[in-house]
Amino acid sequence: MSVEAARGLSLRTRHSVLPGFNLALGFTLLYLSLVVLIPLSAAFFKTATLSWDAFVAAVTAPRVIASFRLSFGAALVAAAVNAFFGLMIAWVLVRYSFPGKKLIDALVDLPFALPTAVAGIALTAIYSAKGWLGQLLEPNGIKVAFTPLGVVVALVFVGLPFVVRTVQPVLEDFERELEEAASSLGATRLQTFHRVILPTILPALVTGFALAFARAVGEYGSVIFIAGNMPMISEIAPLLIMTKLEQYDYAGATAIAVVMLVASFLLLLAINLLQWWAQRRSGGKS
Amino acid sequence: MSTTPLSIPYVVPVRRRATGESALVKWTLIAGALGFLALFLFVPLAAVFYEAFKKGVDAYFAAFAEPDAFASIRLTLLVAAIAVPANLVFGVAAAWAIAKFEFRGKNLLITLIDLPFSVSPVISGLIYVLIFGAQGWLGPWLAEHDVKIIFALPGIVLATVFVTFPFVARELIPLMQAQGTEEEEAAVVLGASGWQIFWRVTLPNIKWGLLYGVILCNARAMGEFGAVSVVSGHIRGETNTMPLHVEILYNEYQFAAAFAVASLLAVLALVTLALKTFIERRTREDAAPVNEGAMHEHRST
């Protein structure tokens, strides 16, 4: 450990002898600016051509407000569902052994790897009136496809791995001695979970929730097939941007985009703060 | 185990392990987790293949005999073949600068590299339309010089590069930070040039992490839908990638064909997961605790 510390110290105090710093950093900054920063700033410059009143009018039109409410609301519900079941899945994968566990562990990342359009048409196929699940649900009065509930289903799918993959490593590193101590002090299993385990994994759980939420807010491909896309009811904000673009309403599309970008950046900031909190909680080890 | 129960004067009630749940709780939790995964992952995945083969094997392969389907596959491969190497070079350069040197603003740079992940795919396409589109900043100039970017290959590549931008870099940065600079410094002392150091010392150390990033980058590049949809223009046989071709077939009620092309993308996703799992196991077995730390870092971010 002291060697590690000494090396860390020497890194900071000594000038590096390695070559290529200027080239590598220069290329990084150039590429980052050309691909990401300048194009993103275009959205803000485009919006600046609108007067403030026109901007406010564009983003507070009833149809736009309804799409924001759906995008953010459905993302919130989906992230909450994923927080609950993601914790359960992480727990089961870390604590128990059962047949097929390794395969299931690997498949949890499927939403990261499966193209969103494929997920979208597959979910629509199974939740539509004639689908495997739709034909069980619809006679009972539960319509999923082509309703806001369908939007939630698609967003649960895309956000599924985030909570599992943030909570899982924290649970793996969790010191079982703490649970034994709690138990020997007379705590019930539920009390131990609630008072000892949950506080430790809470930062990771909240981070996973925020990541799933951030992803779901901007999601497009998996949603548009199952949503039905009815204005005011099941039309998400990214689709409204798309619709306005197709009508050549560039300013209107960009105004919505800027609101979503600002929301994403605030979320990114929150997530960074959460991860900093999580690292401090787990004793400073990264 | 060595003492027989008979030697104990009275039977001690068998206590459950202090840190375990009862079998009932355990199996309820497993059933809940697996039920949820089945509902949201396994059933949709199975549905892709079921719908693809519903009309028979002939209908399945007929979907790929279409020239438009063939063109979409070719375009998807071409776009990935440009976008992935571009982000690979960037990822290595960024990780070299960030992991091997100290400079101010490093954390800000890392955050900026991650930025594309928090931008909606539709907005990722929109920003390029605002620059290169007919009404965009460079639109009139491009039209004058007869250069097509939006509704053509360059726009699709740009949008794909944007959405897959962080994959390689975010994989390599924590890995190379954990490895430190000692080996490279030793190579400098022994008189190696910069490229020699990279090819002979750094690259062998980061090859698995690099491959990991490339695989994830490639899966997203081939599967991207929203961003590409904005800049593609949906010209059949020309600017339709595979996911866009799936959308068009689906909207034309050619479900069997749509799911057939979709099944190819699903196979790509499964191969991606298999390779990813293989690399994760490989790096863990390589016993380098450094590598394992980096993989966990990936998982937690």
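All heavy atoms count here, side chains included; hydrogens, waters and symmetry mates do not. Proteins come first, then strands; the chains are lettered A, B, ... in the order of their sequence lines, and each starts at number 1.
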Please state whether the side chain, the backbone, both or neither of [X] comes within less than 4.5 Å of a heavy atom of chain B.
X	answer
A/Asn272	side chain
A/Ala214	neither
A/Leu245	side chain
A/Thr254	both
A/Phe265	side chain
A/Ile126	side chain
A/Leu30	neither

Distance only, no hydrogens: is a donor on one side chain within 3.5 Å (strictly under) of an acceptor on the other, for B/Glu184 and B/Thr202?
-> yes
With a 3.5 Å cut-off and sequence neighbours excluded, list the donor-acceptor pairs that the side chains of residues 120-132 of chain B form with protein atoms.
residue: B/Ser120; atom: OG; partner: A/Gly218; partner atom: O; Å: 2.7
residue: B/Ser124; atom: OG; partner: B/Ser120; partner atom: O; Å: 3.1
residue: B/Tyr128; atom: OH; partner: A/Val35; partner atom: O; Å: 2.6

Selection from B/Ala219, B/Ser118, B/Gly194 maximising heavy-atom pairs under 4.5 Å formed with chain A = B/Ser118
Should we count NZ of A/Lys101 as having more than 12 external heavy atoms under 6.0 Å?
-> yes
For the residue pair A/Trp91 and A/Tyr96, does the interplanar ring angle fall in the parallel (under 30°), tilted (30 to 60°) or perpendicular (over 60°) class?
-> perpendicular
